[in-house]
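Since the structure comes first, as structure tokens, the remarks are kept for the end.
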Amino acid sequence: MAKVCQLFSGSSGNSIFISDRETKILVDAGVTAKRIEEQLYSIGEDASELSAIFVTHEHYDHVKGLRVLASRYKIPVFASDMITEKLWKDDRLNEKIPTNPIEKGAELGGIEIIPFKNSHDSVECYGYRFNLPGGRAVSVCTDTGYVTPEAKSAIRGSDLVFLESNHEIMMLQNGPYPYILKQRILSRVGHLSNEDCAEFAKQLIKSGTTRLVLSHLSRENNYPEIAKQTTVSALTGAGFELDKDYRLAVSAPINERNPIIL
């Protein structure tokens, strides 16, 4: 039985918990170690039992608590060589933290981890597919300007997908952000819009995905209901019925839901 929960989501910090039996994995540690400990405790988990932390990229909202959390509990960190070097340079890792390259994938406690490249303005950015021992698969695809061919191939057929639905384009264009920041978010190395998320969601449901969690929503350029309705409308138009063919949730900045059990 797998237990999955998005602990934190958005520009204020990101972290996803995935477990199967005794193997307990964190994807990113983008808030303080204390807040991660508290949020894990709220879902009946203990940070000291984490098996590994997988890093998507080096931006602050994904690694803020990484060094303290990994050092405190001697948790192995998995990241690409380029991301690891950047984390060392930025003092987000130290010599006491064991690091492991992920470019060729990994295996932990019967969980197969398949990395795939996203398109983001970081030194590198990876998403992950976690193939669980019982045959289920969970994928994480956020922080990408578009869904890369590599991501499409890796995620296809996942039972549960955490998919970025960062902004509503008109809200972003007419919002308070400086022009250069707007262009960065809209670019091919920025963030996935509601519309692009919804378009890829159709491919996912056709491939067999039954659960979607819309993630990394912007507080300034999106509303949860707009993100949800954009994807639901696209899926309805493609002939899929909510709560019959698929389930859909929207991640809050701080988790307010029970974990998903697969």
Side-chain angles (χ1 to χ4, degrees), residues 4-18 27-28 30-31 39 56 61-62 116 118-120 125 127-130 137-148 151-152 154-172 175 185-186 190-238 240-262:
V4 186
C5 186
Q6 179 132 35
L7 305 177
F8 300 93
S9 179
S11 57
S12 58
N14 298 272
S15 188
I16 294 173
F17 174 78
I18 300 171
V27 180
D28 289 333
V31 299
Q39 201 65 356
T56 60
D61 58 326
H62 292 260
F116 54 87
N118 285 328
S119 177
H120 198 48
C125 186
Y128 297 101
R129 175 180 176 132
F130 298 87
V138 177
S139 290
V140 178
C141 182
T142 64
D143 294 78
T144 190
Y146 69 101
V147 183
T148 65
K152 289 180 179 179
I155 296 172
R156 181 178 177 82
S158 298
D159 297 276
L160 166 63
V161 178
F162 291 88
L163 182 61
E164 181 169 54
S165 190
N166 177 258
H167 60 276
E168 198 283 318
I169 293 174
M170 290 299 293
M171 284 184 68
L172 174 61
I185 293 170
L186 290 167
H191 289 279
L192 208 64
S193 69
N194 291 343
E195 291 80 358
D196 287 340
C197 169
E199 188 62 30
F200 184 47
K202 292 190 290 186
Q203 298 181 40
L204 287 174
I205 303 304
K206 289 177 183 177
S207 77
T209 297
T210 57
R211 291 175 181 261
L212 290 171
V213 180
L214 306 185
S215 302
H216 213 303
L217 273 68
S218 168
R219 292 190 181 188
E220 293 79 15
N221 304 303
N222 211 350
Y223 290 114
E225 192 53 43
I226 290 178
K228 180 178 180 179
Q229 191 54 48
T230 301
T231 293
V232 170
S233 293
L235 291 173
T236 300
F240 299 109
E241 185 177 340
L242 179 64
D243 295 327
K244 178 182 177 182
D245 299 309
Y246 68 97
R247 297 181 186 180
L248 185 146
V250 182
S251 288
I254 303 174
N255 178 58
E256 301 170 342
R257 297 174 177 270
N258 292 327
I260 296 170
I261 305 298
L262 295 174

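Predicted model, so just to flag it, every value in this text is computed and none were measured. Numbers here are sequence positions counted from 1.
Using modelled atom types, one side-chain atom of E168 and one backbone atom of M171 make a donor-acceptor pair closer than 3.5 Å. Side-chain atoms of S233 never come within 3.5 Å of backbone atoms of T230 as a donor-acceptor pair (strictly under, hydrogens ignored). No donor-acceptor pair closer than 3.5 Å links the side chain of R156 to the backbone N or O of S207. No side-chain donor-acceptor contact under 3.5 Å links E164 to the backbone of C141.
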Task: Pair C5-I16, side-chain contact (heavy atoms from CB on, under 4.5 Å): steps then yes or no - done: CA-CA 6 Å; C5 186; I16 294 173; over 6 Å; no
Task: side-chain contact (heavy atoms from CB on, under 4.5 Å) assessment of E195 paired with I169 - done: CA-CA 8 Å; E195 291 80 358; I169 293 174; 3.7 Å; yes
- [ ] Check the pair F116, I155 against side-chain contact (heavy atoms from CB on, under 4.5 Å), reporting the backbone distance first and the verdict last.
- [x] CA-CA 9 Å; F116 54 87; I155 296 172; 3.7 Å; yes
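Contact check for T236 versus L242: no side-chain heavy atoms found under the 4.5 Å cut-off. Contact check for V161 versus V213: no side-chain heavy atoms found under the 4.5 Å cut-off. Between L163 and L192, some side-chain heavy-atom pair lies under the 4.5 Å cut-off. Between S158 and F130, every side-chain heavy-atom pair lies at or beyond the 4.5 Å cut-off. T231 is listed as a side-chain neighbour of C197, based on a closest heavy-atom distance under 4.5 Å. A heavy-atom distance below 4.5 Å is not found between the side chains of V138 and D159. Side-chain contact between K152 and F200: present, with at least one pair of heavy atoms (C-beta onward) separated by less than 4.5 Å. With a 4.5 Å cut-off on side-chain heavy atoms, F17 and V4 do not count as touching.
Side-chain contact check for N194 and H167: no donor-acceptor pair (N or O, by modelled atom type) lies under 3.5 Å. Using modelled atom types, one finds no donor on one side chain facing an acceptor on the other under 3.5 Å when comparing D28 with S15. Residues S215 and Q6 have side chains that bring a donor and an acceptor to within less than 3.5 angstrom of each other.
In this structure, CG in L212 is found 7.0 Å from CG in L235, a value given to the nearest 0.5 Å. Once rounded to the nearest 0.5 Å, the distance linking OG1 of T209 with CG of D245 reads 12.5 Å. The distance from atom CG of L172 to atom CG of N166, rounded to the nearest 0.5 Å, is 8.0 Å. Atom CG of N14 is separated from atom CZ of F162 by 11.5 Å, given to the nearest 0.5 angstrom. Here the NE2-CG distance, from H191 to N222, works out to 12.0 Å after rounding to the nearest 0.5 Å. Rounding to the nearest 0.5 angstrom, the gap separating the CG atom in L248 from the OG1 atom in T210 is 11.5 Å.
Minimum interatomic distance between H120 and G190 (heavy atoms only, all atoms of both residues): ND1-O, 2.8 Å. When all heavy atoms of L214 and S165 are compared, the pair lying nearest together is CB-CB, 4.0 Å. Here the closest heavy-atom approach between residue T148 and residue S119 is recorded as CG2-N, 3.9 Å. Scanning both residues, S11 and H216, for their nearest heavy atoms gives N-CE1, 4.1 Å. Considering every non-hydrogen atom in both I205 and Y246, the closest pair reads CD1-CB, 3.7 Å. Of all heavy-atom pairs between H62 and T142, the closest is CE1-OG1, 4.4 Å.
The local environment of OH in Y223 is sparse, with at most 12 non-hydrogen atoms from other residues, nucleotides or ligands closer than 6.0 Å.
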